[in-house]
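Working notes, beginning with the structure itself.
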Amino acid sequence: MAKFNLESLAKCGAKTRSGEPCKRYGNNINGRCKLHGGRSTGAKTKEGKLAVRVNALLNHFMWFCDNHFYMKISKSDMEKAIKAYLYLVDLTNLKSNEIQNQVVDIISEYRVELETAKYYIEKYEGPEAFVIIQSALDHYYKDNANEHLQFHVYTPIYPTPFYHRSHGSKAEDDLFIKILVKTISKKGCYFSARVHPNPIPKEIKKRIKELKTIAVK
């Protein structure tokens with residue numbers, strides 16, 4: 001049984017390829033069917049909203065010039081990037097255990113603006129400003145297992161100068177828990193894999209043996 005009477009809904013009426021109005025039932029919000037924008041929510045992400053601003057198919061030459069020569073970065077985006085950078089500078093004065101998720105929260109809100117203006121800020125504030133911004137961006141990308149930094153969950157990479165967490169990123173924690181659950185389900189709770197021996201004691205014994213040999217001679 002239908003939840004509501006379909007006959008009470010208006011017809012979509014959108015122009016089809018044949019030129020005739022669409023005869024599907026529209027929804028109560030905008031009167032369109034699911035094929036003609038009835039379920040469309042519009043762009044929600046920052047990248048999506050940026051894509052909606054310009055239609056490269058209408059004037060691809062101007063679109064290319066705006067992006068590569070004229071560099072029309074909006075004043076509001078630049079102000080947001082500088083604001084986020086100043087927030088990050090304040091966080092550099094805190095200890096790693098005091099930062100918690102503040103860096104991730106800042107980058108999640110201003111990521112596009114910082115990526116847009118990080119070289120501009122570096123030009124006027126110096127190389128350390130760029131290192132601060134890039135450290136925060138990498139911290140965010142590692143936490144979210146972003147594709148271009150996802151390899152870090154398998155391979156150790158040198159820690160960023162700022163905002164580094166000794167216990168690893170969220171993505172590393174999630175992978176560790178996933179592997180641990182899988183291992184327990186297959187091998188049992190008390191399974192212990194082969195551990196590579198520490199090479200330092202072996203080197204010390206070798207060095208002591210060499211010194212004793214020299215002393216005897």
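Note that these values count all heavy atoms, side chains included, but never hydrogens, waters or copies made by symmetry. Predicted model only: the values in this text are computed from it and were never measured.
The backbone N or O of Ile200 sits nowhere less than 3.5 Å from a side-chain atom of Glu203 that would complete a donor-acceptor pair.
For Lys170 and Asp174, the salt-bridge test passes: some basic side-chain N is under 4.0 Å from an acidic carboxylate O. With respect to Arg165 and Asp173, no salt bridge is recorded, no charged nitrogen being found less than 4.0 Å from a carboxylate O.
With rounding to the nearest 0.5 angstrom, the CG atom of Leu91 is 10.0 Å from the NE2 atom of His139. In this structure, the separation between CG on Leu137 and CG on Leu114 is 6.0 Å, given to the nearest 0.5 Å.
Counting heavy-atom neighbours within 6.0 Å of Phe130 CZ, excluding the residue itself, gives a total above 12. Atom CD of Glu210 has more than 12 heavy atoms from other residues, nucleotides or ligands within 6.0 Å. Environment of CD in Glu115: crowded, with over 12 heavy atoms of neighbouring residues, nucleotides or ligands closer than 6.0 Å.
Two residues are said to be in side-chain contact when any heavy atoms from C-beta on lie closer than 4.5 Å; Leu94 and Gln102 meet this criterion. Proximity of Ile73 to Thr116: side-chain heavy atoms (C-beta onward) are separated by under 4.5 Å at one or more points.
Contact record, Ala171 with Val153: CB-CG1, 3.7 Å, taken as the closest heavy-atom pair. Across all their heavy atoms, Val131 and Ser135 have their closest contact at O-OG, 2.7 Å. Heavy-atom minimum distance, Lys142 versus Ser169: O-OG, 3.6 Å. Smallest separation of non-hydrogen atoms from Ala117 and Met78: CB-SD, 3.6 Å. The two atoms that bring Thr160 and Asp138 nearest to each other are CG2-CB, 4.2 Å, heavy atoms only.
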> When you look at Leu88 and Thr92, which way does the side-chain contact (heavy atoms from CB on, under 4.5 Å) test go after all the steps?
Replying inline: CA-CA 7 Å; Leu88 294 174; Thr92 59; 5.8 Å; no
>> Walk me through whether Ile157 and Phe151 qualify under side-chain contact (heavy atoms from CB on, under 4.5 Å).
In response: CA-CA 9 Å; Ile157 61 176; Phe151 70 90; 3.3 Å; yes
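Residues satisfying the side chain to side chain donor-acceptor pair (under 3.5 Å) test with Asn146, not counting sequence neighbours, are His148.
Sorted by first and then second residue, the pairs that involve residues 99-114 and meet salt bridge (Lys or Arg N to Asp or Glu O under 4.0 Å), not counting sequence neighbours, are Lys46-Glu113, Glu47-Arg111. Within the structure, ring pair (Phe, Tyr, Trp, His ring centres under 6.0 Å) pairs that include any residue of residues 154-177 do not occur (at least two apart or interchain).
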